[in-house]
There are 2 protein chains.
Amino acid sequence: MSEKQPFELRDFTPYLLNQAAEATGSRFQSIYKSKYGMLRTEWRVLFHLGCYGDMTAKDICERAGLHKTKVSRAVSALALKRFLERHELPQDRRHERLTLTTAGHRAFEDLVGDAQAFDAQLAARFSHDELALLKKMLVQLAHP
Amino acid sequence: MSEKQPFELRDFTPYLLNQAAEATGSRFQSIYKSKYGMLRTEWRVLFHLGCYGDMTAKDICERAGLHKTKVSRAVSALALKRFLERHELPQDRRHERLTLTTAGHRAFEDLVGDAQAFDAQLAARFSHDELALLKKMLVQLAHP
DNA sequence: ACCTAATAGTTGCTTTTGTAACTAACAAGC
DNA sequence: GCTTGTTAGTTACAAAAGCAACTATTAGGT
């Protein structure tokens, strides 16, 4: 008869990924949360606009793999904080171009500094090659 | 004057970790959700008890890094499904030992099979050495 | 014995997320 | 022009997570 393989939870890839993502994510979240009262999705929207320039909510959904309601609410929250403005496109008034305000850019630039410092701190734990491989593998795992 | 470093969101470790964890986690979640209507925390509690034997809710909190309210509700849900039983310890009636029922064990064994298949599918994308390094790094990153 | 502190776990309330239905704007066929 | 279908984004309601206050029980000091 077939003997069952023992299962070790601490060796299960999705579990390890979740633990690592949760630990680093929540640690970094405390920075932008305390500074700007931002939620994780708000941070992502801010960084998408800051890194890649103006785009629509739909674009952010696709790039970040977020649901449109989540983005919609994050955009509203950021607009309330006066970090971005919405401009209906004349050629198709269903779309709206999202643009960071000056204050939004300032917040972005400030948080870029924090992000780089945070990432450097994580990177310091590993060699350059190890880190490159980790990132390559994470990108791979993010795909279905 | 100092020029700002460009920042690439797709190269930010916590972001990559989150994307990878989210993708694999939600794909795996659909298995135990459809089979047993379990939430992620319930799955974790079930697997902690299945893998490591009886323990208290507190033990699970510490091992899994979960808040006690989350565990408390997951335990209640699993008890409702008759997957576990609670037994007050006579020597200290504040603690309760959590034990899987026969049905709980069956569900666990069933899901262990799914977990192993799922993990094998993920592992197939990489070499043995790569995977070992990934896991080592994830464990590292899970620590503060 | 009695008072205070600590601990395991639960409950209530608020915030956040998820899902589905909705609105408004456009497009294509007839 | 008028249906029918599609798309961007919002809203409403339900599920889940987070946080703080609570109960019950034990431990320790006096």
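Throughout, protein chains are lettered first and strands after them, A, B, ... in sequence-line order, and every chain is numbered starting at 1.
Taking the six-membered ring for Trp, A:F28 and A:W43 have ring centres closer than 6.0 Å.
Nucleotides of DNA chain C nearest to A:R93 and B:D92 differ in position, and the one nearer the 5' end is that of B:D92.
Bending across the helix from C:dA1-D:dT30 to C:dC30-D:dG1, expressed as the angle between its end axes from five pairs apiece, amounts to 10° (10° rounding).
Residues passing the side-chain contact (heavy atoms from CB on, under 4.5 Å) test with A:E130 are A:F126, A:S127, B:L133, B:K136, B:M137, sequence neighbours excluded.
Taking a heavy-atom distance under 4.0 Å as the criterion, the stretch of DNA chain D touched by chain A extends 5' to 3' from D:dT6 to D:dA12.
Note: A:F12 CZ to B:K135 NZ = 9.5 Å, rounded to the nearest 0.5 Å.
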Ignoring hydrogens and angles, write down the donor-acceptor pairs under 3.5 Å from the side chains of residues 48-55 of chain A, residues two or more places apart or on other chains.
| residue | atom | partner | partner atom | Å |
| --- | --- | --- | --- | --- |
| A:Y52 | OH | B:E8 | OE2 | 2.4 |
| A:D54 | OD2 | A:T99 | OG1 | 3.2 |

Contacts under 3.5 angstrom, residues 18-26 of chain B side chains, donor-acceptor by atom type, not counting sequence neighbours:
| residue | atom | partner | partner atom | Å |
| --- | --- | --- | --- | --- |
| B:Q19 | OE1 | A:R44 | NH1 | 3.2 |
| B:T24 | OG1 | B:A20 | O | 3.0 |
| B:T24 | OG1 | B:A21 | O | 3.4 |
| B:S26 | OG | B:E22 | O | 3.0 |

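The environment of CZ in B:R125 is crowded: more than 12 heavy-atom neighbours from other residues, nucleotides or ligands sit within 6.0 Å. Other residues, nucleotides and ligands contribute only 12 or fewer heavy atoms inside 6.0 Å of the NZ atom of A:K33.
Look at B:E42 and B:K81 and you find a salt bridge, because one of the NZ, NE, NH1 or NH2 atoms lies within 4.0 Å of a carboxylate O, short of that distance.
Ring planes of B:F47 and B:F108: perpendicular class, angle over 60° (limits at 30 and 60°).
Computed from coordinates, the A:Q91 CD to C:dA24 P distance equals 21 Å when rounded to whole Å.
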- [ ] Give the B/S/- string for nucleotides 9-18 of chain C, one per nucleotide from 5' to 3', where a protein heavy atom under 4.0 Å of the base yields B, of only the sugar-phosphate yields S, and otherwise -.
- [x] BBBB---S-B

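Inter-residue side-chain proximity for A:L134 and B:L141 is flagged as met; some heavy-atom pair is nearer than 4.5 Å.
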